[in-house]
Amino acid sequence: MARLNAEIADKFNRLADLLEIEGANPFRVRAYRNAARTVGSMSRSMADLIAEGRDLSELPDIGDDLAEKIETIVRTGRLPLLEEVEQRTPAALSDLMKIGGLGPKRVQTLHRELGIASAEDLRRAADQGRIRGLEGFGPKLEQTILSRLAGTPGSKGKRHRLIDAEAVAEPLVAYLRETKGLKDIVVAGSYRRRRETVGDLDILVTARKGTPVMDRLAAYDQVSEVISQGTTRSTVILRSGMQVDLRVVPQVAYGAALHYFTGSKAHNIAVRKLAVDRGLKLNEYGVFRGDKRVGGRSEKEVFGSVDLPYIEPELRENNGEFEAGAKGRLPRLITLDRIRGDLHCHTTATDGRDTLEDIVEAARERGYEYVSINDHSRRVAVAHGLDTKRLLAQIRAIDRLNERLDDIVVLKSVEVDILDDGALDLPDDVLKELDFTVCAVHYRFNLSRRKQTERILRAMDNPHFNILAHPSGRLIGRREPYEVDMERIMKRAAECGCFLELNAQPDRLDMDDSACKMARDMGVKVAISTDAHRTGDLDLMRFGIGQARRGWLEPDDVINTRPLKELKRLLKRH
DNA sequence: GCCGTTTTCGGCCCGACTGTTTTCAGTCG
């Protein structure tokens, strides 16, 4: 969320890369990476925590030293140790580590022996055949480096939207499922944890010995390159650019392997530590006491072996799930079947592709109890936003439609713009005709943090304000969130009975997981909505649910799990 | 560099695959 936190995390990660290339203590390197992860995943800005006088060394993986370094970065924007290291070791070397096959040791050799300090230096040296003679290198690796440099830049580390990952994974799984001798097949990794973006697909298979599943993967017509192929693990790149890791384990190891390959890495490390504390060893083949297998057939057994209840995949980020599990306080996460309606849909009246009747019919087909229509307001001219007259006409059309329907209720609403000064884009006397409003910032994203916050708070002062749409304004991979004090907004929302939207569009997924968690902690309820612009978009709800689960939300935290009567009561402001 | 009913030192998760070796280091997840 906070851009400052991302900057701090980036500095620590870059420092970790350079120290690793220099051959520093690997645990010290890891300490910087762990700290980067902690800071990067915090919903509160480090600057705010410092301003409140919080002791940063209380944060996990942050000790006295790193707390001081964070304070220095917040105060000066600089990390002196990083600058010092960059004097000795070119910063661009950390980029070379992103090339497959090159890690810290080889990058160090390249720098030391050939003075290579950039991707361009590396390409030239490889072209001239000067790489193959280096210790630890050979002709094959030289060739690999050349082809990686020529290919898609930085494909190691590129992330895909979850919806794109689904489009790749589903046909591939169906194809692999046809393999003779195959039993279970599941996509694990961040895909199973429902992260908003996925780096690669981790597919886990259980099968009889000698199953030809590895050969079948290599023969898949979408494979563009086989990176490695063994008996238990293979890696390929698909034409879509997606990397796929396929792993085969025996049935008896299914739970241990599924847990291991689901991650996250930080979660796994923590579970293994718990196992070591109990004199056990945990790996992808099971839970062992000495050489004796004592569990691992199911994930429940794995957790049970370290005295934990089952932890849902979406929670496995080493971000409080162990403490909650030990105390029996894990959330009972929301599920898709608890959703009773969609509270943000567009029609052909503005920028939707389908008509009012189409959207309502699609909602009815999905078994919803209610659906709301939320077309844009006049300010969004490109979408032909509604003025008072056209909104009143839509209200009357919905009234007429409701008279004909007996198994679904259409709620009258709008996605009204929040103007620069915090006023809403339509007059109160038309807003009061609606069942509720969804309010959104669609322009002037670059206001200062203070002004953007004031703008939204002022909008919330309007008694017709109910739900803040896509609260951060971000577009994943394309547009950063605008600067805003989310904590103040949530505090006000809790006070005045307003809600925040979790927009389920795969490009938005806004709120993000940490914002959901913050809302839950602050007692702000959330509407999970698809922002549908066509009937098929109603199915995007599953992405919103995934994000909500990552944010620890339970059915009670979400307003559109409520029956209509209760929902209407909630939408009356106090 | 962090962390602690194995507390202020001495640990720090674990295994597969590749290309280079001639028994294994480096990389990766």
Side-chain angles (χ1 to χ4, degrees), chain A residues 12 15-17 19-21 23-38 56-70 81 96-110 131-145 148 155-157 188-191 198-204 214 226-236 243-249 253 256-257 259-288 296 302 306 318:
Chain A
F12 284 164
L15 179 57
D17 283 351
L19 287 174
E20 197 175 24
I21 290 167
N25 178 347
F27 298 106
R28 183 179 170 216
V29 171
R30 201 167 79 191
Y32 281 108
R33 297 221 167 97
N34 289 341
R37 195 184 58 80
T38 295
L56 299 183
S57 70
E58 285 168 5
L59 298 175
D61 299 319
I62 308 289
D64 289 341
D65 180 88
L66 284 170
E68 199 186 315
K69 286 191 167 70
I70 293 170
L81 178 60
L96 296 189
M97 290 222 298
K98 295 190 174 64
I99 296 167
L102 295 187
K105 294 283 164 41
R106 289 187 179 131
V107 167
Q108 183 192 41
T109 302
L110 291 167
I131 305 287
R132 62 182 66 194
L134 295 175
E135 192 176 340
F137 291 79
K140 198 135 188 184
L141 196 48
E142 185 175 83
Q143 204 47 51
T144 306
I145 289 169
R148 295 284 151 78
S155 65
K156 178 166 145 189
S190 50
Y191 184 92
V198 171
D200 58 12
L201 292 176
D202 287 300
I203 302 182
L204 176 67
M214 294 309 192
V226 178
I227 301 280
S228 70
Q229 183 173 347
T231 53
T232 67
R233 197 182 102 190
S234 290
T235 300
V236 302
Q243 178 171 320
V244 178
D245 292 331
L246 177 63
R247 341 242 183 167
V248 184
V249 298
H259 176 261
Y260 179 69
F261 295 129
T262 296
S264 65
K265 192 170 178 172
H267 171 94
N268 286 352
I269 289 172
V271 174
R272 285 185 177 192
K273 272 186 192 152
L274 292 177
V276 170
D277 290 345
R278 287 162 178 75
L280 300 169
K281 187 178 77 169
L282 174 61
N283 60 29
E284 56 264 55
Y285 298 112
V287 185
F288 299 90
V302 172
V306 292
N318 192 15

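Fair warning: this is a prediction, and the values are worked out from it, not measured in the lab. Residue numbering restarts at 1 for every chain, and letters A, B, ... go by the order of the sequence lines. All values below come from the heavy atoms of this structure, side chains included, with hydrogens, waters and symmetry mates left out.
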Can you tell me, in whole Å, how much space there is between the C1' of dC13(B) and that of dG19(B)? 25 Å
In plain terms, say whether Arg233(A) and Asp245(A) are close enough for a salt bridge, that is, a side-chain N and a carboxylate O under 4.0 Å apart. no
Main chain of Pro60(A), side chain of Thr38(A): is a donor-acceptor contact present, judged purely on distance under 3.5 Å? yes
Not counting sequence neighbours, which residues clear salt bridge (Lys or Arg N to Asp or Glu O under 4.0 Å) with Arg28(A)? List them please. none
Using the test salt bridge (Lys or Arg N to Asp or Glu O under 4.0 Å), find all partners of Asp64(A) that sit at least two apart in sequence or belong to another chain. none
If you check the [X] side chain, which of [options] turns out closest?
X         : options                   : value
Pro104(A) : dT27(B), dC14(B), dA16(B) : dT27(B)
Leu66(A)  : dG26(B), dC2(B), dC14(B)  : dC2(B)
Lys105(A) : dC17(B), dC2(B), dT27(B)  : dT27(B)

Scan residues 269-280 of chain A for pairs that pass side-chain hydrogen bond (donor to acceptor under 3.5 Å, both in side chains), counting only residues two or more places apart or in two chains. Arg278(A)-Asp307(A)
Using heavy atoms to find the nearest nucleotide of DNA chain B for Met214(A) and Phe261(A) separately, return the residue whose nucleotide is more 5′. Met214(A)
For residues 279-286 of chain A, run the donor-acceptor check on the side chains, cut-off 3.5 Å, and write out each pair with its distance to 0.1 Å, sequence neighbours left out.
from      : atom 1 : to        : atom 2 : distance (Å)
Asn283(A) : OD1    : Tyr285(A) : N      : 2.8
Asn283(A) : OD1    : Gly286(A) : N      : 3.3

Where along nucleotides 4-13 of chain B does protein come under 4.0 Å, by heavy atom, of base (B) or sugar-phosphate alone (S), with - for untouched nucleotides? --------BB
Checking N1-N3 plus N6-O4 or O6-N4 for Watson-Crick, or N1-O2 and O6-N3 for wobble, each under 3.5 Å, the partner of dT8(B) is none
Please work out which residues in residues 134-145 of chain A have a non-hydrogen atom less than 4.0 Å from an atom of DNA chain B and list them by number. Phe137(A), Gly138(A), Pro139(A), Lys140(A), Leu141(A)
